[in-house]
There are 2 protein chains.
Amino acid sequence: MHILIDNKSGTPIYDQIYSQIKSQIISGELQENEMLPSIRGLAKDLRISFITTKRAYDELEKEGFLYTIPAKGCYVAPKNVELLREETLKKIEDHIDQILKLAASCNLSKDDIVSMILFAMEGQE
Amino acid sequence: MHILIDNKSGTPIYDQIYSQIKSQIISGELQENEMLPSIRGLAKDLRISFITTKRAYDELEKEGFLYTIPAKGCYVAPKNVELLREETLKKIEDHIDQILKLAASCNLSKDDIVSMILFAMEGQE
DNA sequence: TAACTGTGTATAATGCAGATATACAGTTTA
DNA sequence: TAAACTGTATATCTGCATTATACACAGTTA
């Protein structure tokens with residue numbers, strides 16, 4: 001498994017680990033029931049405390065992306081991932097609805113909104 | 001002027017003052033160029049430091065809801081449509097940020113998002 | 001001049017976030 | 001069975017941002 005930690009980026013270490021594993025699970029790069037690296041082993045690789053890797057794993061477990069068998073290891077959860085994706089899509093749609101209402105209230109055109117979004121995207125990456 | 005401070009609520013005092021005055025300005029309860037209570041007077045009424053009321057006023061001024069004449073007082077700014085428009089734009093930007101975070105969490109591409117938005121727009125009108 | 005107005009700088013208190021060490025308990029394996 | 005691994009639980013340290021504050025200052029008014 002590949003995890004890259006960027007110390008310069010403002011985002012906390014546990015968060016970087018969390019995000020990278022999460023996207024690897026969602027993308028299928030990590031398969032169902034596949035064993036993840038142990039929190040200690042990964043911590044050793046990354047030269048950080050295992051408490052930090054544990055925190056990342058805890059987050060992922062709380063959201064249902066992995067399950068843990070104490071004293072054995074952590075495993076990629078079976079794909080209710082699709083479900084989570086659906087939920088995320090719904091949330092996005094809700095936000096879009098909010099945006100459209102706000103836009104209507106101050107006479108913003110569709111093009112205006114699209115260009116706002118494109119601009120925000122460029123700023124992000 | 002009526003301001004109620006709820007010490008039990010988690011929101012900071014300066015924020016409660018800010019919100020209440022702002023909505024009174026927007027609703028028209030406070031009229032254009034009307035003089036607001038002095039930061040010291042209001043602070044005395046509420047039994048807090050005047051620095052706290054000042055902070056609320058500073059926020060409101062920064063957003064253009066009031067203007068200040070040093071050594072005289074603070075006054076309700078003339079109602080500005082542009083101002084409300086700016087506020088709306090900020091809200092929209094917040095929603096966009098949320099969307100981009102959600103999209104990243106399930107590996108949605110930019111194109112996916114744009115087409116979701118275009119689809120929602122067609123559906124609306 | 002006394003009593004008011006807002007301003008600016010500096011500071012205390014508080015809480016939260018990030019990262020950690022250490023001691024613990026169960027499982028595997030040699 | 002002992003060594004080496006797995007994850008767990010508790011307590012702590014540090015740094016930073018937020019909240020709220022005091023006080024000395026400067027202009028206005030009556």
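Bear in mind the structure is a predicted one, so any value in this text is a computation, not a measurement.
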*What's the CD1-P distance between B:I39 and C:dT7, to the nearest Å?*
6 Å
*Write down the distance between CG (A:D58) and C1' (D:dG7), rounded to a whole number of angstrom.*
10 Å
*With nearest nucleotides of DNA chain D determined for A:I51 and A:G73 from heavy-atom distances, which residue corresponds to the more 5′ nucleotide?*
A:G73
*Any salt bridge between B:D97 and B:K101, counting N to O under 4.0 Å?*
no
*Select one nucleotide: of D:dA20, C:dA19, C:dT28, the one nearest the side-chain heavy atoms of B:P12.*
D:dA20
*Using a 4.0 Å heavy-atom cut-off across all strands, classify A:Y57 as base, sugar-phosphate, or nothing.*
nothing
_Which nucleotide in D:dT8, C:dT27, C:dT7 has an atom nearest any side-chain atom of A:T68_ = D:dT8
*asked:* Starting the side chain at C-beta, find the nucleotide from D:dA20, C:dT22, C:dA19 nearest to B:T52.
replied: D:dA20
_Integer-rounded Å distance: D:dC5 P and A:F50 CZ_ = 14 Å
*Choose from C:dT7, C:dA19, D:dA20 the nucleotide whose nearest atom is closest to any side-chain atom of B:Y14.*
D:dA20
*Could you please name the option among D:dT6, D:dA22, C:dT7 that lies closest to any side-chain atom of A:S38?*
D:dT6
*asked:* I need the NZ-P distance between B:K72 and C:dA3, as an integer number of Å.
replied: 21 Å
*Nearest nucleotide by nearest heavy atom, which residue falls closer to the 5' end of DNA chain C, A:R40 or A:D15?*
A:D15
*Phosphate contact (D:dT19 OP1 or OP2) by B:R55 side-chain N/O below 4.0 Å*: yes
*Round to the nearest Å and state the distance from A:I69 atom CD1 to D:dT8 atom C1'.*
15 Å
_Salt bridge present between B:D58 and B:K54 (N-O < 4.0 angstrom)_ = yes
*Is the shortest side-chain N to carboxylate O distance from B:E63 to B:K90 below 4.0 Å?*
no
*Whole-Å gap separating P (C:dG18) and NZ (A:K54)*: 17 Å
*What is the distance, rounded to the nearest whole Å, between atom CD1 of B:I13 and atom C1' of C:dA13?*
14 Å
*Please indicate whether B:K22 has more than 12 foreign heavy atoms, meaning atoms of other residues, nucleotides or ligands, lying under 6.0 Å from its NZ.*
yes
_Just the rounded figure in Å: distance from P of D:dT21 to CZ of B:R47._
14 Å
_For A:I113, run the side chain to side chain contact (heavy atoms under 4.5 Å, CB included) check against A:I96, A:L118, A:L100 and tell me which one passes._
A:L100
*Which residue lies more 5' along DNA chain C, comparing B:E61 with A:S49 via nearest heavy atoms*: B:E61
*asked:* Using the side-chain heavy atoms of B:A71, tell me which of these nucleotides is nearest: D:dG7, D:dT21, C:dT5.
replied: C:dT5
